[in-house]
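Remarks on the structure that follows.
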Amino acid sequence: MRFSVAVRTFVVSLAVAGTVVALRAAAPPVLTEPLVGRQVFPTSNWWNADVSAVPVDPRSASLIDFISGRTATNRTPVRHLHPDFGPPPYGFPYVVVAGDQPRLPLAFVAYGSESDSGAPGLPGYPIPDEARTQPHYIEGDVIGGGTSGDRHMLIVDRDRWLLYETFATMWNGAASRWEAGSGAVFDLNRNDRRPDGWTSADAAGLAIFPGLIRYDEAFGSAEITHAFRVTVRASNGYVWPASHAAGTNASAAPMGARLRLKASKDISGFAPEVQRIFRAMQRYGLIVADNGSDMYISGTMDARWNNSVLNPAFNALTADDFEVLQLGWHETIPKAPTNLRILR
């Protein structure tokens with residue numbers, strides 16, 4: 001890789017043992033950069049599939065009962081939706097970087113055998129130096145990540161259109177290195193799925209970023225055309241498109257299960273941005289991606305969110321407004337015919 005002094009900024013720091021030179025990308029990292037108009041995974045990807053006509057699973061009612069907390073002797077509990085995002089420190093931050101952002105090695109301390117050391121031919125992760133010293137780069141909003149919580153870090157390379165995601169991320173100052181529990185790299189131009197049995201930065205083995213509710217989409221002029229990430233308190237194995245299990249509770253839904261807001265649910269009384277979110281739930285649904293609080297819907301950390309609007313709107317919906325779709329469903333995309341003969 002060649003570096004032109006004219007288009008790079010060099011940061012030089014002197015250390016006792018010698019001279020340390022760090023390169024900075026020409027374009028600085030941008031937190032929560034709007035990506036409207038960029039296609040996140042192909043339209044044929046599972047996150048972008050229209051599931052409005054997919055059959056309901058025969059176990060839908062019992063799975064919704066479990067999510068709601070109902071038992072054979074107590075049929076009264078209900079589970080309300082909750083927006084698991086908002087202004088800092090709530091939600092998933094993400095940062096967009098240039099293709100020349102320097103890539104750094106990452107030490108995986110938990111799931112190294114199921115983690116990616118980088119993109120093919122591009123070792124390392126393009127972690128901005130600002131993530132060590134500034135907030136808003138890592139989930140939980142602790143500078144450098146801290147030592148508790150999920151601490152996801154999501155990085156989008158806008159030029160190569162690659163997505164880097166890490167779990168349990170932290171800057172280890174004593175060792176002068178970045179560490180993570182696991183990490184995965186996704187080519188946003190492709191539909192590559194993790195190997196069966198592999199995790200990612202998420203329990204289900206899925207990418208996180210494509211399942212987030214983003215401010216630029218909610219307040220945009222177009223419809224939202226992808227599913228959202230949802231958590232449940234317990235799970236049972238996994239089904240496609242997930243690749244990794246995080247529980248064995250026979251009463252619970254598996255990782256990768258899809259929930260769809262019922263078409264009969266009247267959403268006309270909500271604010272326009274909320275209606276846009278709920279319409280996406282009716283058409284693209286929710287995908288179970290991690291264990292956590294029941295019916296917590298994931299979105300971006302963004303100072304512009306107004307939780308005085310989001311919280312009561314989401315709370316107006318319950319798990320009973322949803323149905324579980326046929327477990328393991330996925331679209332069958334016809335392959336192009338081969339060995340054709342032209343008849344004259």
Side-chain angles (χ1 to χ4, degrees), residues 47 56-86 89-92 110-111 139-140 148-152 165 167-168 181-182 197 199-208 211-213 227-262 265 277-278 281 285-299 301 307 310-328:
W47 283 109
V56 175
D57 194 86
R59 292 186 59 205
S60 176
S62 62
L63 293 172
I64 294 297
D65 276 350
F66 178 81
I67 291 171
S68 300
R70 289 190 283 267
T71 65
T73 57
N74 184 3
R75 307 298 298 168
T76 58
V78 296
R79 195 75 70 199
H80 296 268
L81 268 65
H82 180 75
D84 198 16
F85 59 96
Y90 305 109
F92 286 88
Y111 299 96
E139 182 192 17
S148 63
D150 286 351
R151 294 171 284 147
H152 291 103
E165 299 187 339
F167 161 73
S182 60
T199 189
S200 57
D202 217 356
L206 300 171
I208 296 170
L212 300 181
I213 299 176
F228 301 134
R229 177 184 184 269
V230 65
T231 60
V232 291
R233 72 183 182 280
S235 56
N236 182 33
Y238 71 90
V239 296
W240 196 96
S243 61
H244 186 261
T248 57
N249 189 316
S251 299
M255 290 286 139
R258 291 178 177 271
L259 283 69
R260 179 179 63 204
L261 180 60
K262 295 175 180 177
K265 182 64 178 179
I277 293 168
F278 289 172
M281 293 182 184
L286 313 173
I287 299 181
V288 176
D290 197 3
N291 294 332
S293 297
D294 286 308
M295 300 306 291
Y296 271 47
I297 316 299
S298 302
M301 178 191 295
N307 283 108
L310 292 174
N311 288 352
F314 277 62
N315 189 68
L317 300 184
T318 71
D320 293 299
D321 294 317
F322 289 77
E323 48 205 357
V324 179
L325 305 186
Q326 185 180 82
L327 295 177

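Heavy-atom basis, side chains included; hydrogens, waters and symmetry copies ignored.
With hydrogens and angles ignored, the 3.5 Å screen pairs no side-chain donor or acceptor of His82 with any backbone N or O of Tyr296. In terms of modelled atom types and a separation under 3.5 Å, the side chain of Ser60 and the main chain of Val324 share a donor-acceptor contact. Arg70 places no side-chain N or O within donor-acceptor distance of the main-chain N or O of Phe66, the cut-off being under 3.5 Å.
Between atom CD1 of residue Ile277 and atom CD1 of residue Ile297 there is a gap of 10.0 Å, rounded to the nearest 0.5 Å. The OG1 atom of Thr199 sits 9.0 Å away from atom CG of Leu206, with the distance rounded to the nearest 0.5 Å. Rounding to the nearest 0.5 angstrom, the gap separating the CG atom in Leu81 from the CG atom in Leu286 is 7.0 Å. Here CZ of Arg258 is found 4.0 Å from CD1 of Ile287. Values are rounded to the nearest 0.5 Å.
Between Asp84 and Arg229 there is no salt bridge, since none of the side-chain N atoms of the basic residue sits less than 4.0 Å from a carboxylate O of the acidic one.
For the pair Glu323/Asp57, no side-chain contact is recorded, criterion being any heavy-atom separation below 4.5 Å from C-beta on.
Residue Arg79 forms a salt bridge (Lys or Arg N to Asp or Glu O under 4.0 Å) with just one option from Asp320, Asp321, Asp294, Asp65, and that option is Asp294. No option in Ile67, Leu259, Asn249 other than Ile67 meets the side-chain contact (heavy atoms from CB on, under 4.5 Å) test with Val232.
Shortest non-hydrogen contact noted between His152 and Ala201 is NE2-O, 2.8 Å.
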Begin with the C-alpha distance, continue with both residues' side-chain angles, and end with the deciding distance and a verdict on side-chain hydrogen bond (donor to acceptor under 3.5 Å, both in side chains) for Thr231 and Asp290.
CA-CA 5 Å; Thr231 60; Asp290 197 3; over 6 Å; no
Step-by-step ring-ring contact (aromatic ring centres under 6.0 Å, His included) determination, Phe278 to Phe314:
CA-CA 9 Å; Phe278 289 172; Phe314 277 62; 5.4 Å; yes
